[in-house]
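Beneath this line is the structure, given in structure tokens, with notes to follow.
Keep in mind that what you see is a predicted model, and the values were worked out from it rather than measured.
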Amino acid sequence: MNLWRFTVVALLCGSGLVHAQEKGNHFLNTLHGAFRVSICQYNGTTLLSEQAFQDGQLHTAGSDWRLKIEASPGDNGVMDVTAVCKLERGSATQSAVKLSIDFGHWSDQHYVLVPASVYNGNRYRSIGNGYNPDYPRDMYYNPTVPLTISNNPRFSTEKGQPSTIALQTGNAATPAVCFYAPEEKKGFILLTTQQTVVGNSGMTLTENAAKDSCSLSLTAPAMRKLAAGFGDFHASGDHAPDWKVGDEVTLHFRMYVLNDVAGIPGLLQRFLQVRKDLSGPNAPRNILPMSKLLQSATDICKGNFIEVKTGAYYKPENNNDFQLGWVSGMINTYPMLALNEEKERIRVGRELDFIVEKLQGKSGYFYGGITADGVLRPEKMSPAFPEPQAMVRKNGDVLFWMMKHLLLLKAQGYSQMIKPAWETAARRLAGAFAATWTKHGEFGQYVAPATGEIAVYNSTAGAIVPAGLLMASHYFHVKAWTEIAEKASAFYYLRDVAKQGLTGGDCGDISQDANSESAFGFLESVMAMYNYSGQQRWIKMAETQAALCATWVLSYDPVFPSGSAIHQLNSHMAGAVWASIQNKHAAPGICTSSGDALFKLFRATGNKLYADLIRDIQHAHAEAVNMPGHLTTNNLIGSSMERIQPSDAEGKESIGNFINTRNSWTETAGMLMALEIPGIYINTDKKEIYTFDHVTAKVESADQSQIIISVTNPTSYNASVSIMAENSRQAGIPLAYTAFLNWPHVAVNAGQTVKFLVTPKGKVIVQ
């Protein structure tokens, strides 16, 4: 049912407001929640007074206020609330509207989520006061190390300590606050709008010292004393407006009360379903065909192949030093290999030679980087422990992408090019991971490549390792690695996803903070388990994991400041992917992946929410690409950078402004999406099409023998659109990693409409 069209709405003020509050309190009764609305007066960000409305009215020495509330009945566990606050007499200085919901029967065991900002209340040990803090000595070679995060907004871990999490809507991928109460198996989701007429709203959670009550407040505007930065805090500069007679502010939000929730996974899956309900569907723009994006980005990568003292490789970033995996090397080689050009194939082979010869340690693990002069680059070191360390994440990437390279070469018909040294290196790395799991029952966050020992434990840094192990198991016919991949996937799902509602710690510039990269990396692993086994239990886990991934992705098109670069370009940024709870910004793409696991999950389930998610990510990426008439980086054509900033974590002046540089990982993510996500997907049985590329497509006619589809290219670039067509039986077969090689392409010039037909078995014929 469309709640907006069919709900019965009551307009409440005066004595009716009491009824409204009773209705709201009744709606929240099972969660022990109660409403109150007040006016707060400030001096800067210092609260001077807070006065609550009584029966819809508030009288102060110099002003009269009126409150009106519209509320839906709350059927089916959903209630919409619109609160209108108006100054009817006098004036008021530096005043804000505050709507609070006070929850009793609270517990520090409640799971609290603010998408992209707070996971499990961020109720973890915190270190440092800035970006990428050093680890204390007790975190090294310590199997019992607790999950440790940077200095982020968080609930206190100490008994008897009250705590407050103060955010503004721009801090969240979706302006929402969610929680799960495990003792009662109930959940709560509040969605609100980004702004009112006075700017972005505030979202504040205040937990008392006994941790048995919590107040959730929406304020118009946001009134934080401190704003969160990248692992630190700074003066927010928030300012409440002055009011004159007739001024009014409207707060609008929607609440969901969830009963009999199947744990944190149940809350996450419900959030995925409703995340766009209040903002409505977003409107991705078709501006840059995926084929043009691929051509532009690969042209950049081609120009970045260098020969230096230590070896030959594609420059990972903006200098000549080499970084392996994560945001850099041996991932950007994959789309270059997929071009199927002899020159680039030889170059990719030279980089693989260099990586295997220069970066693999005695244990089988790889070091994370090396300078152009050949000096190994250790990671996250402590003076107390001199043995060089490397990221588990980077090693997971090496195994996963090494296997993909080998599979791609075979699928392209170049098996003879595969060197025994490459296979030996991959096998040794898989063996190192297997040995670590057998000894420790986890993969850790940092390892010592010389010894194979875990240097820093905990986190989900090994998120993508099961996928790599599984691929290696089948490639090298080592059954034991499949068993380890299964155990590791189940372990990380239970410990991190189901019990904590987060994954984290696999970035080289954060602590063990929750982040998006591990979320998408683990989705890759869970879908790999399904890909090789066909077992539906992995699909169920993948659906929860995809829902967790969605919490990191902008669900709506934010309003950016007038005059900012994004505003001037009219860019629609729904789909930008937030980095981590420390690095409070969104980025164009998944670091570093096409997100094709989402597409595979869409095929396996038919749930279009997964297709919508990857489509949004791809379109937000295109909005950040530097092209003629659409300048973002002021750098190379086809370049992009990692900042799409809706928050004031880097200062208010940074909101909506690009950074004039380039990041090769965002360009790589774009290339991978252009390759591994079809431009148009067609289910021939259902006569349904889903368009991912920057074109429009529709079914012109259909019968038992064929479907005729027309495709229109509204962009200013010629497009070569990849088509994947299949019937429902074929859709039930897991998709091979190299399936994109077999997708036909339809040429559609700028402004042109082309028709093609598809047979029931998925053959594409251009008319």
Quick one: pull up [atom1] in [X] and [atom2] in [Y] and give me the separation to the nearest 0.5 Å.
X      : Y      : atom1 : atom2 : answer
Trp481 : Leu469 : CH2   : CG    : 7.5 Å
Asn531 : Leu470 : CG    : CG    : 8.0 Å
Thr633 : Met627 : OG1   : CE    : 11.0 Å
Lys404 : Met471 : NZ    : CE    : 6.5 Å
Ile149 : Leu502 : CD1   : CG    : 9.5 Å
Ser126 : Asn152 : OG    : CG    : 6.5 Å

Work out which heavy atom in [X] is nearest to a heavy atom in [Y]; give both atom names and the distance.
X      : Y      : answer
Ser640 : Thr666 : OG-OG1, 2.6 Å
Val327 : Thr592 : CA-OG1, 3.8 Å
His621 : Leu293 : CE1-CD1, 3.7 Å
Gly374 : Thr310 : CA-OG1, 3.5 Å
Ser639 : Thr632 : O-OG1, 4.4 Å
Asp506 : Glu517 : OD2-C, 3.5 Å

Any side-chain heavy atom of [X] sitting closer than 4.5 Å to one from [Y]?
X      : Y      : result
Glu387 : Glu453 : no
Ser489 : Trp538 : yes
Phe305 : Glu344 : no

Short question: side chain of [X], backbone of [Y] - any donor-acceptor pair under 3.5 Å?
X      : Y      : result
Ser518 : Thr503 : yes
Lys410 : Leu408 : no
Glu442 : Gly444 : yes

Margin query: Quick check with a 6.0 Å cut-off and a 45 degree axis cone: is Lys394 positioned over the face of Phe366's six-membered ring?
Written below: no

Return yes if a side-chain donor-acceptor contact under 3.5 Å exists between [X] and [Y], otherwise no.
X      : Y      : answer
Tyr124 : Gln500 : yes
Asn132 : Asp509 : no
Thr144 : Asn142 : yes

Notebook entry, point to check: With the threshold set at 4.0 Å, does a side-chain nitrogen-carboxylate oxygen contact exist between Glu342 and Arg345?
Noted result: no

Margin query: Looking at Glu379 and Arg393, is any side-chain nitrogen of the basic one under 4.0 Å from a carboxylate oxygen of the acidic one?
Written below: no

Next item on the list: Might you confirm whether atom CZ of Arg137 has over 12 heavy atoms from other residues, nucleotides or ligands at distances under 6.0 Å?
Entry: no

Margin query: Quick check: Trp552 with Tyr119 (ring centres under 6.0 Å apart)?
Written below: yes

Check: Do you know which of Tyr313, Tyr314, Tyr367 makes ring pair (Phe, Tyr, Trp, His ring centres under 6.0 Å) with Phe322?
Finding: Tyr313

